[in-house]
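Everything below concerns the one structure shown next.
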Amino acid sequence: MTNHIVLFEPLMPANTGNITRTATGTNTKLHLIEPLGFQLDDKHLKRAGLDYWDTVDITIHPDLPSFMESLKDNDELFLISKFAERSYHEVDYTQPERDYYFMFGKETTGLPEEFMRKHSDLALRIPQNDQHIRALNLSNTAAIVIYEALRQQSFPDLDLVHTYEHDKLK
């Protein structure tokens, strides 16, 4: 069982950098679907991702069809969208024989409408107050969803407690 964050045509390097940090810190694989709105050597991307680029497991896909073709029969794909009618916390992410893919859309337009309509049964929503905002920030959304999957999976291979040389609580 492996978790995957998939970014469809991300535009903002800082969001992708922050998601890279989350992916690295949670042993989550990262997938980027081109075209990207930045170069992978962008200074803003690197600053947000700090020095984690050499540790993230990243795959670049030339387009959405190529990504979809890369999925295996046992893989579970979920489309994260404010338009979904089912909440992300209602899904069981604990089947050991499955890999879980969480796809997030472009910051400005989300996922393509035709693709969403074709796969509406895969769409999940994070509850939010739609009267006050258009959508949650992409990097925050990715963190919320991946940590729910990890919580259900009992945080595999993650330190629940860590002792630091200069522990501020001791």
Side-chain angles (χ1 to χ4, degrees), residues 1-86 88 91 93 97-126 128 133-150 153 157:
M1 173 171 39
T2 302
N3 295 311
H4 303 257
I5 293 174
V6 182
L7 303 181
F8 172 78
E9 299 183 1
L11 294 172
M12 299 177 187
N15 279 334
T16 301
N18 288 332
I19 292 168
T20 298
R21 184 189 299 212
T22 298
T24 299
T26 59
N27 303 318
T28 299
K29 294 185 177 188
L30 179 62
H31 299 258
L32 302 179
I33 299 174
E34 295 179 318
L36 309 179
F38 49 84
Q39 299 295 319
L40 287 177
D41 61 356
D42 185 291
K43 67 178 181 179
H44 299 293
L45 179 75
K46 289 195 176 226
R47 186 180 318 141
L50 293 173
D51 53 352
Y52 307 117
W53 282 102
D54 60 341
T55 58
V56 69
D57 186 344
I58 187 169
T59 303
I60 311 250
H61 302 272
D63 52 37
L64 185 55
S66 297
F67 166 76
M68 293 299 289
E69 290 172 15
S70 74
L71 296 173
K72 297 177 187 70
D73 289 341
N74 250 7
D75 293 340
E76 289 276 353
L77 173 64
F78 297 101
L79 312 178
I80 310 304
S81 171
K82 70 178 185 177
F83 300 108
E85 295 182 7
R86 182 169 54 149
Y88 76 105
V91 177
Y93 307 112
E97 68 281 357
R98 300 200 179 279
D99 276 9
Y100 294 96
Y101 289 78
F102 303 98
M103 182 183 288
F104 300 86
K106 187 186 308 192
E107 289 96 334
T108 54
T109 58
L111 293 166
E113 186 174 341
E114 183 179 330
F115 179 77
M116 288 288 297
R117 289 185 187 280
K118 182 177 178 181
H119 302 287
S120 62
D121 57 319
L122 307 177
L124 301 176
R125 172 185 169 85
I126 296 175
Q128 69 176 31
I133 61 171
R134 286 185 305 280
L136 295 169
N137 172 273
L138 178 62
S139 62
N140 293 338
T141 302
I144 290 167
V145 172
I146 203 65
Y147 268 96
E148 172 60 17
L150 290 165
Q153 297 163 2
D157 302 317

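Values in this document were obtained by computation on a predicted structure and should not be read as measured data. Throughout, residue positions are numbered sequentially from 1 according to the sequence presented. The analysis underlying the following values was restricted to heavy atoms, covering all of them including side chains, and did not include hydrogens, waters or symmetry mates.
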Notebook entry, point to check: Which residue pairs pass the salt bridge (charged side-chain N to carboxylate O under 4.0 Å, His left out) test when at least one of the two sits in residues 110-119, sequence neighbours left out?
Noted result: Glu113-Arg117
Notebook entry, point to check: Does Thr108 offer a backbone N or O that forms a donor-acceptor pair with the side chain of Arg134 under 3.5 Å?
Noted result: no
Next item on the list: Take Phe102 and Thr28, measure what side chain to side chain contact (heavy atoms under 4.5 Å, CB included) needs, and give me the verdict at the end.
Entry: CA-CA 11 Å; Phe102 303 98; Thr28 299; over 6 Å; no
Check: With no hydrogens and no angle check, is any side-chain donor or acceptor of Arg125 less than 3.5 Å from a backbone partner on Lys82?
Finding: yes
Notebook entry, point to check: Is there a side-chain contact between Val91 and Glu148, using heavy atoms and a 4.5 Å cut-off?
Noted result: no
Next item on the list: Could you grab the distance from atom CZ of Arg98 to atom CG of Asn74, nearest 0.5 Å is fine?
Entry: 5.0 Å
Notebook entry, point to check: What distance separates Asp75 CG from Asp99 CG, expressed to the nearest 0.5 Å?
Noted result: 5.0 Å
Next item on the list: Apply the test side chain to side chain contact (heavy atoms under 4.5 Å, CB included) to residues Met68 and Leu77: give CA-CA distance (whole Å), side-chain angles for both, the deciding distance (0.1 Å), then the verdict.
Entry: CA-CA 9 Å; Met68 293 299 289; Leu77 173 64; 3.7 Å; yes
Item checked: Donor-acceptor under 3.5 Å (Glu107 side chain, Leu11 main chain) -> yes
Note to self: Nearest 0.5 angstrom please: Thr16 OG1 to Phe104 CZ, how far?
What the structure shows: 12.0 Å
Notebook entry, point to check: Once you round to the nearest 0.5 Å, how far does CG of Leu32 lie from OG1 of Thr20?
Noted result: 7.0 Å
Note to self: Please determine whether side chain to side chain contact (heavy atoms under 4.5 Å, CB included) holds for the pair Tyr93 and Phe78, giving the CA-CA distance in whole Å, both sets of side-chain angles, and the decisive distance to 0.1 Å.
What the structure shows: CA-CA 11 Å; Tyr93 307 112; Phe78 297 101; 3.9 Å; yes
Notebook entry, point to check: For Met116 and Ala123, which heavy atoms make the closest approach, and how far apart are they?
Noted result: CE-CB, 4.2 Å
Next item on the list: Enter the distance from Met103:CE to Leu111:CG here, rounded to the nearest 0.5 Å.
Entry: 6.5 Å
Note to self: Please find the pair of heavy atoms, one from Pro10 and one from Ile33, that lie closest to each other, and give the distance.
What the structure shows: CD-O, 3.9 Å
Notebook entry, point to check: Considering all heavy atoms of both residues, which atom of Ser66 and which atom of Asp63 are nearest to each other, and what is their separation?
Noted result: OG-OD1, 2.7 Å
Notebook entry, point to check: Is the number of heavy atoms from other residues, nucleotides or ligands under 6.0 Å of Asp121 CG greater than 12?
Noted result: yes
Margin query: I need the minimum non-hydrogen distance between Ala149 and Asn3, along with the two atoms involved.
Written below: CB-OD1, 4.1 Å
Checklist line | Residue that, paired with Asn15, satisfies side-chain hydrogen bond (donor to acceptor under 3.5 Å, both in side chains) out of Asn140, Thr141, Asn137 | finding: Asn137
Item checked: Which atom of Val56 lies closest to which atom of Ala23, heavy atoms considered -> CG2-CB, 4.1 Å
Notebook entry, point to check: Between Gly110 and Phe8, which heavy-atom pair has the shortest distance, and what is it?
Noted result: O-CD2, 3.9 Å
Check: Hey, what do you get for OG1 (Thr26) to CD (Gln153), rounding to the nearest 0.5 Å?
Finding: 10.0 Å
Note to self: Run the side chain to side chain contact (heavy atoms under 4.5 Å, CB included) test on Thr59 and Lys29 for me, step by step, so that the C-alpha distance in whole Å, both residues' side-chain angles and the decisive distance to 0.1 Å come before the verdict.
What the structure shows: CA-CA 8 Å; Thr59 303; Lys29 294 185 177 188; over 6 Å; no
